[in-house]
Amino acid sequence: MPFSLAAWFMGDMGNIRNIVILTGAGISAESGIDTFRGGGGLWEQHKVEDVATPEAFARDPDLVLRFYDMRREAIQTKEPNPAHEALAQLDSGWKGELLIVTQNVDDLHERAGAKRVLHMHGTHLNAWCTACDVRTPWRDTLVERPPCPECGERALRPDVVWFGEMPYEMERIYGALREADLFVSIGTSGAVYPAAGFVREARAMGVRTLELNLEPSQGTAWFDDARHGQASKLVPQWVDEVLSS
Ligand code: APR
């Protein structure tokens with residue numbers, strides 16, 4: 001049965017007040033940023049997983065820093081698309097609680113105007129000093145080992161969460177899920193935990209769940225409802241429904 005937010009309001013679901021939205025690479029795909037698992041998922045013949053680990057950084061720091069320098073440079077040339085813009089509109093218009101938890105390390109949600117955004121996998125636009133633990137806004141390359149503006153050590157790395165590292169702000173995310181009435185997952189393959197497990201956590205707590213993705217994700221069976229197609233079409237349509245209900 002197609003998902004209808006309006007029907008919930010009239011049915012026995014009660015009012016929806018608190019919304020948690022999870023976004024992944026698929027929401028930025030139409031802005032021209034490659035997803036991780038599409039198109040072979042290779043970068044210069046390396047599997048993305050092989051350059052996104054602390055072990056890879058220890059083994060070949062130049063390779064890893066070059067990979068992230070390239071992606072940092074690329075995202076600065078991209079623009080938000082109608083899906084980011086629709087979520088920003090929801091953020092400013094929704095009176096209840098709302099949290100956009102993004103796995104993306106680009107800043108397209110913020111550039112579209114969204115405020116209630118949490119970057120659980122970090123951000124390309126910070127450098128993190130492993131000597132003094134300070135994070136600094138960063139737009140340039142790191143491969144030349146520039147000194148940390150805070151302590152002067154040449155120990156900067158991208159402020160992104162690699163495989164095997166703990167995503168940021170998990171307690172805040174689970175707290176928001178506990179309070180949520182609706183969980184929506186947009187543009188994510190459901191391949192990477194812990195984010196891939198949010199739908200099950202949400203369901204276990206009685207939260208309604210909706211997937212908006214190009215194709216059924218690996219976790220699609222866990223959602224109450226799913227719509228498949230391009231984020232630039234599905235998200236604005238869904239936001240219109242929510243804001244007019
Ligand atoms: N509209 C909607 N969905 C799309 C679109 C689009 N235009 N294009 C692609 N998708 C979907 C794909 O079908 C896929 O299911 O987006 C999903 C992207 O999946 P991944 O590439 O696996 O990205 P993501 O789920 O964000 O990856 C999770 O893995 O590599 C790590 O840390 C990295 O945050 C990343 C995490």
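Atoms within a ligand are numbered from 1 in the order they appear, just like the ligands themselves.
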Going by distance only, is there an N or O of [X] that falls short of 3.5 Å from an N or O of ligand 1?
{"X": "Gln230", "value": "no"}
{"X": "Leu214", "value": "yes"}
{"X": "Val192", "value": "no"}
{"X": "Asn104", "value": "no"}

Proximal atoms of ligand 1 relative to [X] (non-hydrogen, under 4.0 Å):
{"X": "Glu215", "result": "12 (C), 13 (O), 15 (O)"}
{"X": "Ala231", "result": "1 (N), 2 (C), 6 (C)"}
{"X": "Gly24", "result": "26 (O)"}
{"X": "Gly229", "result": "1 (N), 2 (C)"}
{"X": "Gly187", "result": "3 (N), 16 (O), 17 (C), 18 (C)"}
{"X": "Ala29", "result": "8 (N)"}
{"X": "Glu30", "result": "1 (N), 6 (C), 7 (N)"}

Which other residues belong to the hydrophobic cluster containing Val134, where Ile, Leu, Val, Met, Phe, Trp and Tyr are joined when side-chain heavy atoms lie under 4.5 Å apart, directly or via other members?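 Other cluster members: none.
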
Quick one: which of Ser28, Ser232, Ala25 has a heavy atom closest to atom 26 (O) of ligand 1? Ala25

If you take the nearest heavy atom of each of Asn81, Asn213, Thr35, which one is closest to atom 14 (C) of ligand 1?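 Looking at heavy atoms only, Asn213 sits closest to atom 14 (C) of ligand 1.
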
Using side-chain heavy atoms (C-beta onward) and a distance below 4.5 Å, is Leu90 in contact with Ile21?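 Yes, close enough: below the 4.5 Å cut-off.
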
For residues Tyr174 and Pro194, determine if any side-chain heavy atom of one lies less than 4.5 Å from a side-chain heavy atom of the other.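 Tyr174 vs Pro194: side chains touch.
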
Tyr68 ring center within less than 6.0 Å of His124 ring center: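 Ring-ring flag for His124/Tyr68: true, centres closer than 6.0 Å.
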
N-O pairing of Asp62 and Arg145 below 4.0 Å: yes

Please determine if Arg203 and Asp224 form a salt bridge, counting it only when a charged side-chain N lies under 4.0 Å from a carboxylate O.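 Between Asp224 and Arg203 there is a salt bridge, with a charged N closer than 4.0 Å to a carboxylate O.
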
Ala74 versus Lys78, closest heavy-atom pair with distance: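 Looks like O-CG, 3.3 Å.
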
According to side-chain hydrogen bond (donor to acceptor under 3.5 Å, both in side chains), who are the partners of Arg154, at least two apart in sequence or on a separate chain? none

